[in-house]
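Everything on this sheet refers to the single structure shown next.
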Amino acid sequence: MNLHRRSATIIAIVLASSLLAAACGSPKGAAHATRTSGADASPTPVPTRPPGVAPTPFPSVEAKVVGSTEQDPGITAIAASGDHVWLAVNDAMLESDDRGGHWRELAPPPAGIDSLSFVSGTEGWAGNPGGLFHTTDGGGTWIEAGAGPVKRVRFVDAQHGWVAGNGRFLRTTDRGAAWEDVEVPCAGRFGSAFAFYSSAGGWYVCAGEPSAGAQGKQLFRTADGGVTWALFSHADFAEPPTTPSAYPLPGWGYLQDLFALDSAHLWMSVERGGVIASTDGAHSWNPLTFDARGAPRSDGAWFVTP
């Protein structure tokens with residue numbers, strides 16, 4: 001494919017830098033979370049924090065658009081590691097080793113790419129309806145890695161990864177040599193997303209029925225790689241949990257994806273809301289404005305530093 005002959009091919013990456021203000025807020029009430037798997041079903045208290053100042057809103061930042069821009073960019077996946085960025089655009093795959101300054105075209109796995117995850121400038125995984133694919137040369141070549149149809153893939157290092165697709169949630173601790181089923185914490189009838197920041201720590205969010213510009217959500221946390229989950233916060237569900245939410249969770253926007261850099265920094269991508277960010281481990285959230293046109297659709301965000 002010649003990119004110059006494909007005017008419909010869009011490459012748009014937001015590369016914005018800003019100081020993320022530390023956010024502290026007081027809990028809005030006591031709550032308990034319940035294990036959703038395992039023999040011990042006793043309530044697990046949701047951690048609290050000392051009262052502090054109200055969260056500081058994120059500043060608006062200038063966004064840099066790399067490449068051309070049109071109404072439908074055709075971007076299906078994005079991933080980054082250090083200065084390297086990968087994009088799946090329509091039926092092509094693109095890679096940059098200078099944060100989007102220059103690009104080269106790569107051959108994607110068969111059947112395209114629905115999700116990407118890289119742990120270094122050379123090693124990564126791609127998921128699509130045909131399964132999971134592994135590369136050790138930055139996306140130049142791909143080999144099949146099993147796991148069945150994959151809609152979303154996330155690896156935190158070369159050994160530990162998770163995939164979701166075809167109604168299954170799987171994890172590996174040996175670079176994909178073997179996979180085991182793990183229980184999802186909620187049904188996610190109208191969408192779900194997950195994010196891990198270590199081999200043990202991660203988040204899972206389920207979306208409820210959408211309404212006018214809003215959607216109920218439940219956020220779960222794990223400390224054992226997804227074997228068990230605890231409800232952390234929720235917002236605006238038609239059938240909410242019996243316990244109140246100790247921490248706020250934005251109800252606006254339709255869930256698209258979730259990304260966690262570490263235990264403190266999370267970003268939730270939503271339609272009709274752009275990107276919603278937390279700098280304090282999901283205790284509070286603020287919208288991150290990067291588009292002067294208002295509240296755009298954000299399919300996903302990938303960060304390499306806070």
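Because the structure is a prediction, the values reported are computed rather than measured. Note: hydrogens, waters and symmetry copies are ignored here, and every other heavy atom, side chains too, is used.
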>> Is there a side-chain contact between W267 and L261 in this structure, where contact means two heavy atoms from C-beta onward sitting under 4.5 Å apart?
In response: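 They are in side-chain contact.
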>> Is any side-chain heavy atom of P306 closer than 4.5 Å to one of T279?
In response: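 With C-beta onward as the side chain, the pair stays apart.
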> Cluster partners of Y254, using ILVMFWY side-chain heavy atoms under 4.5 angstrom, listed by chain and number?
Replying inline: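 Hydrophobic cluster check, Y254: no partners found.
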> If you group Ile, Leu, Val, Met, Phe, Trp and Tyr whenever their side-chain heavy atoms sit less than 4.5 Å apart, what else falls in with I113?
Replying inline: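 Result for I113 is W86, M93, L106, L116, F118, F133, W142.
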Give a yes or no on whether [X] and [Y] share a hydrophobic cluster (residues Ile, Leu, Val, Met, Phe, Trp, Tyr; joining criterion: side-chain heavy atoms under 4.5 Å apart).
X    : Y    : answer
L94  : V85  : yes
V156 : W125 : no
F196 : V119 : no
F155 : I78  : no
V205 : Y197 : yes

>> Evaluate L249 against F232 for side-chain contact (heavy atoms from CB on, under 4.5 Å), listing each step before the verdict.
In response: CA-CA 9 Å; L249 181 66; F232 189 84; over 6 Å; no
Please report the interatomic distance [atom1]([X]) to [atom2]([Y]), rounded to the nearest 0.5 Å.
X    : Y    : atom1 : atom2 : answer
D83  : R99  : CG    : CZ    : 4.5 Å
E180 : F169 : CD    : CZ    : 11.0 Å
R221 : W229 : CZ    : CH2   : 11.0 Å
S278 : W285 : OG    : CH2   : 5.0 Å
S96  : H102 : OG    : NE2   : 8.5 Å

> Taking only residues two or more places apart in sequence or in another chain, which ones pass salt bridge (Lys or Arg N to Asp or Glu O under 4.0 Å) with D181?
Replying inline: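 D181: salt bridge (Lys or Arg N to Asp or Glu O under 4.0 Å) contacts with R168.
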> For D114, what residues pass the salt bridge (Lys or Arg N to Asp or Glu O under 4.0 Å) criterion, not counting sequence neighbours?
Replying inline: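 Result, salt bridge (Lys or Arg N to Asp or Glu O under 4.0 Å) vs D114: none returned.
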> In this structure, which one of Y247, Y204, W203 forms a side chain to side chain contact (heavy atoms under 4.5 Å, CB included) with L219?
Replying inline: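 Exactly one candidate clears the test, W203.
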Closest approach of [X] and [Y], non-hydrogen atoms and distance?
X    : Y    : result
P250 : I276 : CG-CG2, 3.7 Å
E105 : A92  : OE2-CB, 3.9 Å
A111 : P129 : O-CD, 4.4 Å

Apply side chain to side chain donor-acceptor pair (under 3.5 Å) to [X] and list each qualifying residue two or more places apart in sequence or on a separate chain.
X    : result
S263 : none
T136 : none
T76  : none
S81  : none

So, does [X] use its side chain to make a donor-acceptor pair with the main chain of [Y] at under 3.5 Å?
X    : Y    : result
Q218 : L231 : no
S115 : V153 : yes
T172 : A178 : yes
T135 : T141 : yes
T222 : T228 : yes

> Mind checking what makes ring-ring contact (aromatic ring centres under 6.0 Å, His included) contact with W179, not counting sequence neighbours?
Replying inline: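 For W179, no residue satisfies ring-ring contact (aromatic ring centres under 6.0 Å, His included) once neighbours in sequence are set aside.
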>> Filter on salt bridge (charged side-chain N to carboxylate O under 4.0 Å, His left out), then keep only pairs touching residues 116-138, sequence neighbours left out; what's left?
In response: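 Non-adjacent pairs meeting salt bridge (charged side-chain N to carboxylate O under 4.0 Å, His left out): E123-R175.
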>> As a quick check of understanding, evaluate side-chain contact (heavy atoms from CB on, under 4.5 Å) for V270 and R272, giving each step before the final call.
In response: CA-CA 6 Å; V270 297; R272 294 195 181 182; over 6 Å; no
> Run the side-chain contact (heavy atoms from CB on, under 4.5 Å) check on S269 and W302 step by step: do they pass?
Replying inline: CA-CA 10 Å; S269 301; W302 197 290; over 6 Å; no
>> Check for me whether the distance between the ring centres of F220 and H234 falls short of 6.0 Å.
In response: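 No.
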>> Before you tell me yes or no, could you show the steps for F303 and H265 under side-chain contact (heavy atoms from CB on, under 4.5 Å), namely the whole-Å CA-CA distance, both residues' side-chain angles and the distance that decides it to 0.1 Å?
In response: CA-CA 10 Å; F303 287 77; H265 295 89; over 6 Å; no
Ignoring hydrogens and angles, write down the donor-acceptor pairs under 3.5 Å from the side chains of residues 158-165, residues two or more places apart or on other chains.
unit_1, atom_1, unit_2, atom_2, d
H160, ND1, D157, OD1, 3.0
H160, ND1, D157, OD2, 3.2
W162, NE1, G225, O, 2.9

Name the atoms and distances for all side-chain donor-acceptor pairs under 3.5 Å in residues 144-152, with sequence neighbours left out.
unit_1, atom_1, unit_2, atom_2, d
R152, NE, D257, OD1, 3.2
R152, NH1, S192, O, 3.1
R152, NH2, Q256, O, 3.2

